[in-house]
Amino acid sequence: MTPQLSFYNTASRTQEPFTTLHPGVVNMYCCGPTVYHYAHIGNLRTFVFEDLLRRVLDYNGYAVKHIVNITDVGHLTSDADTGEDKMEKGAAREGKSVWEVAEFYTKAFMQDWERLNLKPPTRWTKATDHIPEQIALVETLEAKGYAYVIPEDGVYFDTAKFPRYADFAGLDIRGMQEGARIGVTEGKRNPTDFALWKISPSDAKRAMEWDSPWGRGFPGWHVECSAMAMKHLGPTLDIHCGGSDLIRVHHSNEIAQSEGATGVTFSRFWMHGGWLLEAPTADGNGGGKMSKSAGEFVTVDLLLKKNYGALDYRYFCLGAHYRSYLNFSWEALDTARDSLKSLRRKTDPLIGRASAIVSENALGWQRRFLEAVYDDLGFPQALAVLNQMLKDPDLLEGEKAALVRDFDRLLGLGLAEKTEREEKVLPGPLAALLEERKDARNNKDWKRSDEIRDLLKGKGFGVKDNPDGTTSWFPL
RNA sequence: GGCGACAUACCCAAGUGGUAAGGGAGAGCUCUGCAAAAGCUUUAUUCAGCGGUUCGAAUCCGCUUGUCGCCUCCA
């Protein structure tokens with residue numbers, strides 16, 4: 001019996017059997033990064049989750065159309081005009097043009113994507129390549145009576161015209177009104193109304209602006225995702241993903257403007273990744289959601305600099321359920337790195353030895369693994385199944401190898417191939433030392449032998465004496 | 001102020017009514033000249049605290065404590 005795929009749907013707040021609008025095809029849109037700075041590993045956790053989802057869909061034989069956007073338009077940081085534009089802020093910080101900043105960080109992001117072994121999306125879509133589509137969407141909303149103009153400010157979406165607005169995120173709008181809210185835009189009809197198009201102030205020239213029926217300006221905070229998703233995937237998506245922090249505002253708004261314009265369900269499944277939390281420092285500061293502004297700004301580059309592999313971080317993410325909080329600490333990452341290393345030690349000897357998976361036993365392991373993964377991406381349990389499987393003495397090596405290869409299609413840890421762990425050559429003088437140690441050992445000069453072992457250890461090389469009399473070394 | 005989430009061993013963490021997965025670290029054993037690596041064994045009478053429902057609760061309900069988040073932008 002093949003296990004059935006089911007995912008937790010934020011829209012219904014329940015886990016539902018997965019179905020698609022069109023048989024065999026999955027249209028999936030994932031909110032991507034704003035490219036004004038490097039992505040930190042908290043941002044990246046969401047993309048790792050989405051990659052896991054993507055792999056499960058691929059594994060099931062779906063033709064997946066997977067779109068990830070690149071937000072290269074700077075949006076203001078608040079409703080009020082007082083907010084700073086992230087892109088312009090980035091440009092000012094680095095003395096570059098906004099376009100250069102966008103290009104630089106887009107490349108950096110894609111590099112991180114590859115390092116984490118994320119499958120390339122079917123298509124990357126850039127916000128600035130879709131200005132006409134965004135304008136068209138706003139025009140449709142205006143024609144349907146969902147939009148209103150605040151002169152010299154912009155076009156806004158009237159959330160009162162979309163009665164379901166609060167449902168998706170379970171917003172308590174009355175409670176929000178009671179809250180002290182600073183920087184309310186003059187002229188907004190409802191606190192939840194949001195800009196569809198912002199008109200540039202007459203006295204300031206923006207680095208990125210376009211002509212529109214409402215005046216020169218730039219698209220609002222949320223239209224790009226609706227416009228691009230519907231252009232490339234049609235009015236109804238199968239899955240829309242993002243980080244949990246997008247639920248309340250961004251995704252509520254996307255639903256309002258998309259469904260307002262088309263009259264049909266925008267996305268059948270909504271899936272959101274949990275946050276990466278930062279441990280507080282020893283003095284009790286920091287802690288909470290990882291961000292660029294607070295605490296340590298941890299990027300993949302920093303990980304590599306500290307001698308972790310990007311896949312160590314991927315493994316770290318695999319250890320926790322995608323919807324739960326994950327506590328990041330260097331100690332926890334050490335754990336993940338050691339775990340992956342020891343996992344590789346078990347799976348490396350199996351590379352290239354796969355046979356067919358035919359025995360009852362092997363099929364049972366495969367079923368258990370898939371049951372875990374198909375149950376709302378239960379990768380932590382799946383990892384437990386993998387570990388137990390590797391220890392099963394009744395399983396033939398060929399089948400073990402085949403299972404590892406099969407599971408890794410979903411895990412994406414590179415367990416089935418020899419990675420770039422290149423054969424390093426022991427530097428000449430050290431090789432000579434190793435020879436000398438061999439002689440010492442033959443003469444039972446344990447003192448000298450141990451000295452040399454310590455010396456090599458200091459240089460970063462471990463030594464191990466094999467039972468057959470040979471000696472091997474490995475980088476520590 | 002309003003709303004919400006979370007709290008499982010040394011660390012990460014699974015488990016949402018049936019009697020605590022898995023990994024790492026640690027410990028013991030085997031192996032070894034000693035190590036390393038590997039293999040085996042082992043590590044929570046207990047799930048923040050208190051009370052309740054139940055034949056039965058980490059799992060449901062209530063209260064308390066603590067941490068974090070949202071009500072600006074955010075993966």
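Chain naming here is simple, since letters A, B, ... match the order of the sequence lines and numbering starts at 1 in each. Computation of the quantities below employed the complete heavy-atom set of this structure, encompassing side-chain atoms and omitting hydrogens, waters and symmetry-equivalent molecules.
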Whether each nucleotide of nucleotides 28-40 of chain B has a protein heavy atom under 4.0 Å at its base (B), only at its sugar-phosphate (S) or at neither (-) is summarised, 5' to 3', as -----BBBBSS--
Give [X] one of three labels, base, sugar-phosphate or nothing, depending on what nucleic acid heavy atoms sit under 4.0 Å from its own.
X	answer
A:H321	sugar-phosphate
A:S244	nothing
A:L44	nothing
A:V249	sugar-phosphate
A:D245	base
A:G242	sugar-phosphate

Taking for each residue the nucleotide of RNA chain B bearing the nearest heavy atom, is the 5' side occupied by A:T335 or by A:E331?
->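 Between the two, 5'-proximity favours A:E331.
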Toward the 5' end of RNA chain B, by each residue's nearest nucleotide, A:A336 or A:I41 =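 Nearest nucleotide further toward 5': that of A:A336.
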Looking at A:R13 and A:D167, what are the two nearest heavy atoms and their distance?
->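 Smallest heavy-atom distance, with atoms named: NH2-O, 3.5 Å.
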Pick the [atom1] atom in [N] and in [M], then give their distance to the nearest Å.
N	M	atom1	answer
B:rA21	B:rA13	C1'	10 Å
B:rU67	B:rU8	C1'	16 Å
B:rA5	B:rC63	P	13 Å

OP1 or OP2 of B:rA21 sitting under 4.0 Å from any side-chain N/O of A:Q388?
->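 For A:Q388, the contact criterion (side-chain N or O under 4.0 Å from OP1 or OP2 of B:rA21) is not met.
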Acceptor/donor pairs from residues 392-400 of chain A side chains to any protein atom, 3.5 angstrom cut, sequence neighbours excluded:
| residue | atom | partner | partner atom | Å |
| --- | --- | --- | --- | --- |
| A:D392 | OD1 | A:D394 | N | 2.8 |
| A:D392 | OD2 | A:N361 | ND2 | 3.0 |
| A:D392 | OD2 | A:W365 | NE1 | 2.8 |
| A:E397 | OE1 | A:R353 | NH1 | 2.7 |
| A:E397 | OE2 | A:R353 | NH1 | 3.4 |
| A:E399 | OE1 | A:S359 | OG | 2.7 |
| A:E399 | OE2 | A:V358 | N | 2.8 |
| A:E399 | OE2 | A:S359 | N | 2.7 |
| A:E399 | OE2 | A:S359 | OG | 3.3 |
| A:K400 | NZ | A:L390 | O | 2.9 |
| A:K400 | NZ | A:D392 | O | 3.1 |

Is [N] paired to anything, Watson-Crick or G-U wobble with both distances less than 3.5 Å, and if yes, which nucleotide?
N	answer
B:rC73	none
B:rG22	B:rC12
B:rA57	none
B:rC6	B:rG66
B:rA38	B:rU30

Per the side chain to side chain contact (heavy atoms under 4.5 Å, CB included) rule, which among A:L302, A:L340, A:D334 passes with A:Y308?
->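 Only one option passes, and that is A:D334.
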With respect to A:I41, which candidate in A:V48, A:L303, A:T299 satisfies the side chain to side chain contact (heavy atoms under 4.5 Å, CB included) definition?
->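 With A:I41 as partner, A:V48, A:L303, A:T299 yield a single side chain to side chain contact (heavy atoms under 4.5 Å, CB included), made by A:L303.
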Can you identify which nucleotide, out of [options], has its nearest atom closest to the [X] side chain?
X	options	value
A:F316	B:rC12, B:rA75, B:rC73	B:rC12
A:F47	B:rA14, B:rA75, B:rG4	B:rA75
A:H40	B:rG22, B:rG23, B:rA75	B:rA75
A:M290	B:rA75, B:rC12, B:rA5	B:rA75
A:N43	B:rC12, B:rA75, B:rA14	B:rA75
A:N327	B:rA21, B:rC70, B:rC12	B:rC12

Using whole Å, report how far [atom1] of [X] lies from [atom2] of [N].
X	N	atom1	atom2	answer
A:L343	B:rG23	CG	P	11 Å
A:F194	B:rC73	CZ	C1'	15 Å
A:H250	B:rC71	NE2	C1'	18 Å

N/O donor to acceptor pairs below 3.5 angstrom from side-chain atoms of residues 103-113 of chain A, sequence neighbours left out:
| residue | atom | partner | partner atom | Å |
| --- | --- | --- | --- | --- |
| A:E103 | OE2 | A:K107 | NZ | 3.3 |
| A:Y105 | OH | A:E94 | OE1 | 3.4 |
| A:Y105 | OH | A:E94 | OE2 | 2.3 |
| A:T106 | OG1 | A:A102 | O | 2.6 |
| A:D112 | OD1 | A:R115 | NH1 | 3.1 |
| A:W113 | NE1 | A:L118 | O | 3.3 |
| A:W113 | NE1 | A:K119 | O | 3.0 |

Would you call A:E451 and A:K447 a salt bridge, taking side-chain N to carboxylate O under 4.0 Å as the test?
->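 Judged by the 4.0 Å cut-off on N to carboxylate O distance, A:E451 and A:K447 do form a salt bridge.
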